[in-house]
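Have a look at the structure below before the remarks.
Naming: A, B, ... by sequence-line order, numbering from 1 per chain.
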There are 4 protein chains.
Amino acid sequence: MKVGFIGLGKMGEPMARNLLAAGHELAVYNRTRSRAAELETTGARVADAPAGVCSGDVVITMLADDAALEDVIFGPGEVLRRLASEAVHISMSTISVALSRRLSEAHARRGQLFVSAPVLGRPDAAAARKLFVIAAGPQQAIEQCQPLFDAMGQRTFYLGEDAPAANVVKLATNFLIIAAVESMGEAFALVRKSGVRAEQFHEVFAETLFSAPIYSNYGRMIVEERYQPAGFQLSLGLKDARLVLAASEDSRVPMPVASLARDHFLSAIARGYQDLDWAALARVCAEDAGL
Amino acid sequence: MKVGFIGLGKMGEPMARNLLAAGHELAVYNRTRSRAAELETTGARVADAPAGVCSGDVVITMLADDAALEDVIFGPGEVLRRLASEAVHISMSTISVALSRRLSEAHARRGQLFVSAPVLGRPDAAAARKLFVIAAGPQQAIEQCQPLFDAMGQRTFYLGEDAPAANVVKLATNFLIIAAVESMGEAFALVRKSGVRAEQFHEVFAETLFSAPIYSNYGRMIVEERYQPAGFQLSLGLKDARLVLAASEDSRVPMPVASLARDHFLSAIARGYQDLDWAALARVCAEDAGL
Amino acid sequence: MKVGFIGLGKMGEPMARNLLAAGHELAVYNRTRSRAAELETTGARVADAPAGVCSGDVVITMLADDAALEDVIFGPGEVLRRLASEAVHISMSTISVALSRRLSEAHARRGQLFVSAPVLGRPDAAAARKLFVIAAGPQQAIEQCQPLFDAMGQRTFYLGEDAPAANVVKLATNFLIIAAVESMGEAFALVRKSGVRAEQFHEVFAETLFSAPIYSNYGRMIVEERYQPAGFQLSLGLKDARLVLAASEDSRVPMPVASLARDHFLSAIARGYQDLDWAALARVCAEDAGL
Amino acid sequence: MKVGFIGLGKMGEPMARNLLAAGHELAVYNRTRSRAAELETTGARVADAPAGVCSGDVVITMLADDAALEDVIFGPGEVLRRLASEAVHISMSTISVALSRRLSEAHARRGQLFVSAPVLGRPDAAAARKLFVIAAGPQQAIEQCQPLFDAMGQRTFYLGEDAPAANVVKLATNFLIIAAVESMGEAFALVRKSGVRAEQFHEVFAETLFSAPIYSNYGRMIVEERYQPAGFQLSLGLKDARLVLAASEDSRVPMPVASLARDHFLSAIARGYQDLDWAALARVCAEDAGL
């Protein structure tokens with residue numbers, strides 16, 4: 001397929017590379033052009049503006065936040081205006097439910113198709129085509145895009161016609177991660193202050209009832225107090241918490257664990273931890289316990 | 001080995017049965033004698049009082065709460081007074097860290113050995129010898145008791161000489177379960193009010209990053225809103241939350257997620273849910289969101 | 001002075017009336033023109049658009065929220081463009097710190113003066129000239145506007161040159177009200193479920209250590225469970241909580257009591273209480289306790 | 001009247017002095033006898049054991065906590081056994097609702113009268129006879145004791161026949177203080193990080209809507225960051241929070257603000273602030289915000 005790709009960050013770059021490797025015709029755009037260099041050598045066309053990647057069947061966006069995406073679609077990036085009727089915009093980064101709703105409506109008004117398809121997985125999973133894709137939008141568009149999802153991920157979950165549903169599920173899953181890290185942070189503080197070695201406790205839960213990647217991997221980071229280099233920055237964790245809380249407010253759903261995690265993220269940043277991995281939430285728990 | 005077993009509840013009964021099946025010589029006591037009937041037919045001796053099971057190498061207690069255990073050991077049960085020097089008391093139920101400390105000291109003063117060995121797993125795991133045993137206490141005693149643990153569980157974690165350490169780890173693990181249920185409760189409320197079907201969200205997290213029994217099983221209960229019959233009663237969940245908070249207070253460790261779970265347990269009981277499964281925490285989250 | 005006044009709601013209408021009574025020359029604008037009728041009979045000029053009240057020394061805005069104010073100043077209302085250089089814009093409603101900052105900068109760029117002057121007090125206080133004015137902005141502008149503040153309030157607090165400071169202080173004070181109501185809600189639930197009559201408890205605290213209007217008045221509303229008619233709607237309380245949390249996020253300040261109040265506001269609205277007085281937070285506390 | 005007084009701490013000593021000054025015949029007991037010396041010079045009889053002050057019409061207890069009171073009444077102090085039938089025990093310190101219930105029943109079984117009469121006010125108020133007395137118990141006993149209350153306090157609130165009601169109301173009032181301090185702590189952190197001077201904010205709320213002693217006095221302590229010497233130690237604040245939470249658990253009342261205050265007290269003690277005034281809760285809020 002003829003695909004435009006906007007946003008070549010830690011996640012976008014390997015995703016684009018996998019599309020190229022799967023034989024798709026790729027035009028890419030990134031604000032910092034140098035990040036596109038390697039893709040260029042392997043066959044991607046590099047555009048100077050978002051508008052330059054809009055002539056194909058599909059445009060994929062993988063941008064840092066709502067503001068960046070708004071700029072590209074509605075603002076000076078002009079993607080909304082340049083995209084052909086019947087073309088598909090796949091938004092794959094973590095954005096607000098509200099923006100997803102707005103995109104869904106705006107594209108529909110122009111006869112374009114909007115698919116929301118955020119992913120689960122870190123850069124290493126992106127590189128290894130092991131992402132999980134959470135997709136929602138017009139079924140016909142999803143089916144059309146399936147080869148792209150297959151080129152980037154190991155499995156696609158289809159959540160129905162309403163695009164913002166994918167964003168809600170993505171945010172709710174990120175919330176579960178945040179909650180798991182916060183909970184482990186509190187639990188580790190308790191066992192450590194009680195004289196138990198952290199790795200012993202980790203073994204007990206991660207090899208029994210909590211034998212899942214989240215508990216195993218983040219648990220190990222907390223045991224080793226190893227929050228650098230950041231796989232996912234704490235400041236981005238705050239952004240996610242904010243998006244979760246915004247969705248909860250729009251839907252009138254109290255989420256007290258999300259609220260307290262937000263407060264811990266703020267305290268973490270007030271302590272200077274914004275560039276650590278978001279698992280450093282556990283450091284806040286430890287420090288609050290005098291550790 | 002010659003073993004006394006006190007407390008034949010939903011957990012204790014299958015545990016005792018497995019000890020018998022493994023060839024140990026068993027004397028049992030239960031306040032309600034009728035629960036011992038089946039064990040009697042398969043070879044256990046049934047005593048009329050706790051003192052009647054204290055003549056062997058080991059006494060195992062599997063009682064409902066601190067008060068019941070105190071009665072049996074320090075109170076009218078007289079186990080402390082009747083147990084031989086060098087004999088071992090293995091406490092396997094979920095009790096407070098403070099009582100574990102007190103037992104450890106009291107037995108030591110009499111030349112007896114105290115092993116704290118709470119377990120992870122529900123009655124079905126107990127029946128299938130699939131429990132996880134979290135053990136701490138004098139190494140010599142632990143080694144001596146290993147055949148008993150092997151007869152009841154699939155794996156033993158040894159946490160060192162200080163018996164209360166096992167109770168802290170058990171409580172910290174139960175806290176992680178409570179936190180996971182609370183978090184799922186909030187997340188499900190969010191996705192449901194956003195128009196996503198609960199089972200779709202469950203599939204996304206339980207088959208990707210959260211592929212652990214806790215998330216899979218409790219998640220399914222929440223999806224199906226199936227809180228009866230209770231695998232573990234909500235009122236017992238409050239008890240566990242209280243023990244976690246008592247330990248956190250003694251150790252000066254803030255545990256905000258535990259605190260808010262306590263408040264949700266109280267609200268659940270105020271709404272009449274004390275006999276539902278503790279996963280009904282999620283019902284409180286749903287109702288608070290107007291669902 | 002020659003004053004423009006935009007926004008004749010429950011607060012704005014009596015404030016404008018008092019300016020008129022104090023002899024100021026008043027031009028008013030309200031989206032729903034009929035609300036201006038009475039003022040017209042007592043001498044105010046009624047304009048058809050915000051731009052129509054911008055020809056004097058001062059424009060006062062008293063609008064419902066950020067969006068309404070943005071529309072009037074930056075958007076189709078065109079106040080920013082129409083206001084003379086050296087003219088003063090006094091923003092007296094509760095708005096975000098971020099918007100106050102933006103207004104401060106935008107007016108300064110045009111040589112206009114921006115004063116932030118939110119008020120404490122309900123409509124009855126506005127009618128009785130008993131408001132408290134929390135003012136910040138260029139000292140010269142504040143001094144110039146002092147006669148206006150004196151016509152509307154009983155006392156002006158001057159917080160310095162930085163206009164957004166007044167908004168922070170206003171929001172922090174509103175937060176203290178929210179926190180007091182939430183706390184009373186929890187305390188009343190406790191005493192009521194313990195068999196104590198609510199009015200007895202109210203007497204104890206409101207006539208001793210908490211002899212302040214907030215505790216006396218809101219306490220009485222909770223005792224009488226009288227949340228209608230709303231003095232200040234619960235849905236506006238959520239708005240204020242959101243503004244507090246936005247400020248706390250910008251400043252990296254954890255505010256756990258604000259966070260939990262937000263969640264209770266959401267639950268209140270999910271239960272259908274959006275049009276009750278915001279003291280109905282206490283009803284959420286009571287219901288969560290099974291009352 | 002002939003009065004026995006047990007517990008001559010910071011509160012008990014001035015209370016006993018005022019009883020003496022009002023002409024009552026006083027026998028006193030304190031674990032550390034030296035604290036009774038001054039009272040002896042002004043006419044009190046000093047006993048060597050609690051039993052030595054039980055021969056009169058009334059025994060007043062003003063002890064540090066539940067354990068101390070249990071020792072004196074049920075334990076080696078033997079007050080329960082020594083007190084005459086028809087004699088009155090007035091418990092005036094802050095104790096648990098559960099112990100109050102137990103005392104009420106135990107005294108009743110012996111034909112003795114139990115009055116629960118905790119007080120509001122600090123040592124300076126005790127010295128100045130300005131305490132507020134919150135009394136509950138048999139009406140006849142309360143009436144009989146009124147002259148004693150008048151000698152110690154400025155006003156008595158009568159809460160009915162059920163003695164524990166007084167303890168619930170006392171604890172609920174202490175909770176309101178804790179909540180006010182916590183709330184101010186968060187609010188001050190917000191305004192300070194926003195560049196507003198703390199004393200300016202204090203002036204705004206304490207001289208307007210929050211013109212009550214609690215906000216004025218504790219607010220000033222927070223402004224001046226003056227937490228020593230402690231009027232009421234933070235470690236005692238944790239004790240009060242624990243009693244509030246115990247009562248809330250018994251009554252099935254979620255109290256999220258109390259829960260988070262508990263966690264902040266724990267963090268404060270983990271940071272070494274146990275001997276500061278309990279207003280140092282606000283220091284935890286400030287530090288969590290990076291101040």
Side-chain angles (χ1 to χ4, degrees), chain C residues 97 120-121 132 134 155 157 159-160 162 164-165 168-173 175-177 179-180 182-184 186-191 193-197 200-201 203-205 207-215 244 247-248 250-258 260 263-264 285 288-290, chain D residues 97 120-121 132 134 155 157 159-160 162 164-165 168-173 175-177 179-180 182-184 186-191 193-197 200-201 203-205 207-215 244 247-248 250-258 260 263-264 285 288-290:
Chain C
V97 178
L120 297 177
F132 294 102
I134 306 171
R155 180 169 171 190
F157 294 89
L159 286 171
D162 189 44
V168 171
V169 166
K170 164 65 178 168
L171 289 173
T173 305
F175 161 68
L176 288 182
I177 301 174
E182 165 71 31
S183 306
M184 281 189 279
E186 298 181 13
F188 273 114
L190 176 65
V191 301
K193 277 199 89 173
S194 305
V196 176
R197 281 187 302 120
Q200 290 186 303
F201 174 51
E203 200 184 356
V204 168
F205 69 77
E207 299 185 10
T208 63
L209 308 178
F210 291 89
S211 55
I214 290 297
Y215 283 86
V244 169
S248 84
D250 290 344
S251 299
R252 312 310 192 191
V253 177
M255 294 187 74
V257 172
L260 77 84
D263 283 317
H264 273 184
C285 296
D288 282 356
Chain D
V97 178
L120 297 177
F132 294 102
I134 306 170
R155 180 168 170 192
F157 294 89
L159 288 171
D162 189 44
V168 171
V169 167
K170 164 64 178 168
L171 289 173
T173 306
F175 161 68
L176 288 182
I177 301 173
E182 167 69 29
S183 306
M184 282 189 279
E186 297 181 14
F188 273 113
L190 176 65
V191 300
K193 277 200 89 174
S194 305
V196 177
R197 281 187 302 120
Q200 290 187 303
F201 174 52
E203 202 184 355
V204 169
F205 68 77
E207 300 186 9
T208 63
L209 308 177
F210 291 89
S211 55
I214 290 297
Y215 283 85
V244 169
S248 84
D250 289 344
S251 300
R252 312 308 193 195
V253 177
M255 296 186 74
V257 173
L260 78 82
D263 282 318
H264 273 184
C285 296
D288 282 357

I need the D:Gln200 CD to C:Leu159 CG distance, nearest 0.5 Å.
5.0 Å
Heavy-atom proximity to chain D below 4.5 Å, by part of C:Phe132
side chain
In terms of heavy-atom pairs under 4.5 Å with chain D, the winner among C:Val168, C:Leu209, C:Val169 is C:Leu209
C:Leu260 versus chain D, heavy atoms under 4.5 Å apart: side chain, backbone, both or neither?
side chain
Backbone of C:Val253 reached by a side-chain donor or acceptor of D:Lys193 within 3.5 Å:
no
Given a strict heavy-atom distance threshold of 4.5 Å, which part of C:Leu120 is in contact with chain D: side chain, backbone, both, or neither?
side chain
Any chance you could measure D:Phe157, atom CZ, to C:Thr208, atom OG1, to the nearest 0.5 Å?
5.5 Å
C:Ile177 versus chain D, heavy atoms under 4.5 Å apart: side chain, backbone, both or neither?
both
Shorter than 4.5 Å, heavy atoms on both sides: which option in D:Ser211, D:Ala179, D:Ala189 has the most such pairs with chain C?
D:Ser211
Output all residues satisfying salt bridge (Lys or Arg N to Asp or Glu O under 4.0 Å) with C:Arg155, sequence neighbours left out; order by chain, then residue number.
D:Glu203, D:Glu207
How long is the gap from SG on C:Cys285 to CG on C:Leu190, to the nearest 0.5 Å?
11.5 Å
Holding to salt bridge (Lys or Arg N to Asp or Glu O under 4.0 Å), I want the full list of residues that pass it with D:Asp162, two or more places apart in sequence or in another chain.
D:Arg101
Between chain C and each of D:Asp250, D:Leu171, D:Val257, D:Asp288, count heavy-atom pairs under 4.5 Å; write down the option with the most.
D:Val257
Does some side-chain heavy atom of D:Glu182 sit less than 4.5 Å from a side-chain heavy atom of C:Pro256?
yes
What part of C:Ile214 gets within 4.5 angstrom of chain D, counting heavy atoms only: side chain, backbone, both, or neither?
both
Do you know which of D:Thr173, D:Val196, D:Val191, D:Val204 has the most heavy-atom pairs under 4.5 Å to chain C?
D:Val204
May I ask you to check whether C:Phe205 and D:Phe175 place their ring centres under 6.0 Å from each other?
no
Where does C:Tyr215 contact chain D at under 4.5 Å (heavy atoms): side chain, backbone, both or neither?
side chain
Only pairs of heavy atoms separated by less than 4.5 Å count here; which of D:Ala258, D:Gly160, D:Ser251 has the most with chain C?
D:Ser251
